[in-house]
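Structure record follows, encoded as structure tokens.
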Amino acid sequence: MKLRALVTGASSGIGECMALQLAERRHDLVLTARRESNLIELASRLRAKHGVQVDIIPLDLGAPGGATNLFQACQERGFQIDILINNAGNGPFRPFLETPWKDHEAMQRLNVMALTELCHLFAPQMLKQATPSHILNVASVAAYQPVPRFAVYSASKFQVRIFSELFRHEMRGTNLNVSCLCPGATATEFLATNNQ
């Protein structure tokens with residue numbers, strides 16, 4: 001069955017790998033991230049190699065209104081989203097008090113608020129669809145074991161994990177499956193872009 005997946009944070013790392021795996025399974029894709037040039041290159045590569053439809057929506061999910069803008073863009077283009085992968089996230093690796101408040105606030109908006117809002121926006125649509133739908137929220141092993149210098153990041157991922165578990169419970173008996181991925185240390189740009 002051919003589905004359409006929306007992947008956030010798709011310009012590199014785990015998001016890019018998920019997009020590759022979905023394209024290999026011949027699913028159409030909607031990719032979003034801040035870096036438009038990366039999305040253009042990835043979309044071109046996936047179309048050429050796998051013959052799937054790949055649309056890009058460059059935007060910053062951490063900006064105010066980011067989640068709503070993404071949902072509206074999908075609505076305007078008539079996309080039925082069958083798989084939502086909430087992968088976008090960041091986390092400054094610094095002591096709590098040495099990190100400017102604006103960085104903590106921005107991280108919470110992206111890691112928690114945007115992810116939760118996207119679930120709230122897309123789930124009602126998914127529940128109306130005749131086919132099975134899936135939401136995968138990407139947390140971290142830090143959701144289980146707090147990491148020094150990652151205080152707010154660890155807390156944000158704990159919230160994502162608990163929210164995902166409870167949302168999954170609420171969706172029992174419906175066509176919508178909710179799961180949470182908690183990867184450990186992964187060789188991506190995350191380390192380089194978060195002050196390590």
Side-chain angles (χ1 to χ4, degrees), residues 5-19 30-35 38-39 57-71 81 83-123 126 134-171 176-196:
L6 168 59
V7 183
T8 73
S11 61
S12 65
I14 292 173
E16 180 181 0
C17 288
M18 288 184 173
V30 180
L31 306 178
T32 188
R34 291 174 299 168
R35 295 179 292 181
N38 288 36
L39 292 177
I57 303 175
L59 55 73
D60 182 0
L61 276 174
T68 299
N69 291 339
L70 177 58
F71 178 74
I81 301 300
I83 302 169
L84 169 62
I85 298 182
N86 280 313
N87 168 71
N90 67 22
F93 184 70
R94 292 190 298 270
F96 175 68
L97 292 179
E98 294 178 17
T99 303
W101 175 250
K102 65 178 179 60
D103 293 347
H104 289 309
E105 185 177 31
M107 180 178 58
Q108 291 283 63
R109 275 202 314 268
L110 178 60
N111 293 6
V112 177
M113 298 306 296
L115 177 147
T116 308
E117 186 177 1
L118 287 173
C119 290
H120 196 263
L121 290 167
F122 280 99
M126 292 173 151
H134 308 271
I135 294 177
L136 173 62
N137 294 325
V138 179
S140 165
V141 71
Y144 292 94
Q145 181 176 350
V147 180
R149 300 170 64 91
F150 260 156
V152 178
Y153 174 81
S154 296
S156 75
K157 293 305 183 177
F158 177 81
Q159 184 168 340
V160 168
R161 178 175 71 84
I162 296 302
F163 163 70
S164 299
E165 290 177 4
L166 293 171
F167 188 27
R168 176 185 178 88
H169 176 77
E170 292 184 10
M171 291 298 102
L176 176 56
N177 180 62
V178 180
S179 56
C180 184
L181 174 65
C182 295
T186 307
T188 70
E189 292 181 2
F190 182 89
L191 299 179
T193 58
N194 286 284
N195 304 310
Q196 290 202 34

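Note that the coordinates shown come from a computational prediction; the quantities given were computed from them, not determined experimentally. Throughout, residue positions are numbered sequentially from 1 according to the sequence presented.
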Can you find a side-chain donor-acceptor pair between [X] and [Y] that sits under 3.5 Å?
| X | Y | result |
| --- | --- | --- |
| Ser164 | Asn137 | yes |
| Glu16 | Ser11 | no |
| Arg35 | Ser12 | yes |

Could you state the interatomic distance from [atom1] ([X]) to [atom2] ([Y]), rounded to the nearest 0.5 Å?
| X | Y | atom1 | atom2 | value |
| --- | --- | --- | --- | --- |
| Met113 | Met107 | CE | CE | 14.0 Å |
| Glu117 | Leu70 | CD | CG | 10.0 Å |
| Thr32 | Leu6 | OG1 | CG | 7.0 Å |
| Thr99 | Phe150 | OG1 | CZ | 10.0 Å |

Let's go through Cys119 and Phe163 carefully: what are the C-alpha distance in whole Å and the side-chain angles of both, what is the deciding distance for side chain to side chain contact (heavy atoms under 4.5 Å, CB included) to 0.1 Å, and is it a yes or a no? CA-CA 10 Å; Cys119 290; Phe163 163 70; 3.8 Å; yes

Identify the two heavy atoms, one from [X] and one from [Y], that lie closest to each other, and give their separation to 0.1 Å.
| X | Y | value |
| --- | --- | --- |
| Leu39 | Ala33 | CD1-N, 3.5 Å |
| Val30 | Ile57 | CG1-CD1, 3.7 Å |
| Ala114 | Ala67 | O-CB, 4.0 Å |
| Val112 | Ser156 | CG2-CB, 3.6 Å |
| Val147 | Ala142 | CG2-CB, 4.0 Å |

Side chain to side chain, [X] and [Y], heavy atoms closer than 4.5 Å:
| X | Y | result |
| --- | --- | --- |
| Ile135 | Asn177 | no |
| Met126 | Ile81 | yes |
| Tyr153 | Pro92 | no |
| Leu176 | Val178 | yes |
| Leu181 | Asn87 | no |
| Cys182 | Arg161 | yes |
| Asn86 | Leu136 | no |
| Leu61 | Leu59 | yes |

Do the side chain of [X] and the main chain of [Y] share a donor and acceptor less than 3.5 angstrom apart?
| X | Y | answer |
| --- | --- | --- |
| Lys157 | Val138 | yes |
| Asn69 | Gly65 | yes |
| His134 | Ser179 | no |
| Arg34 | Asp60 | no |

Taking everything shown except Gln159 itself, do over 12 heavy atoms lie less than 6.0 Å from its CD?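 Result for CD/Gln159: open.
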
Would you indicate whether Met171, at its atom CE, is surrounded by more than 12 heavy atoms from other residues, nucleotides or ligands within a distance under 6.0 Å?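 Above 12, so yes.
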
Evaluation steps, side chain to side chain contact (heavy atoms under 4.5 Å, CB included), between Phe96 and His104: CA-CA 9 Å; Phe96 175 68; His104 289 309; 3.3 Å; yes

Criterion side chain to side chain contact (heavy atoms under 4.5 Å, CB included) on Leu118 and Thr8, from CA distance to verdict: CA-CA 10 Å; Leu118 287 173; Thr8 73; 4.0 Å; yes

Please lay out, stage by stage, how Ile162 and Glu165 fare under the test side chain to side chain contact (heavy atoms under 4.5 Å, CB included). CA-CA 5 Å; Ile162 296 302; Glu165 290 177 4; 4.1 Å; yes

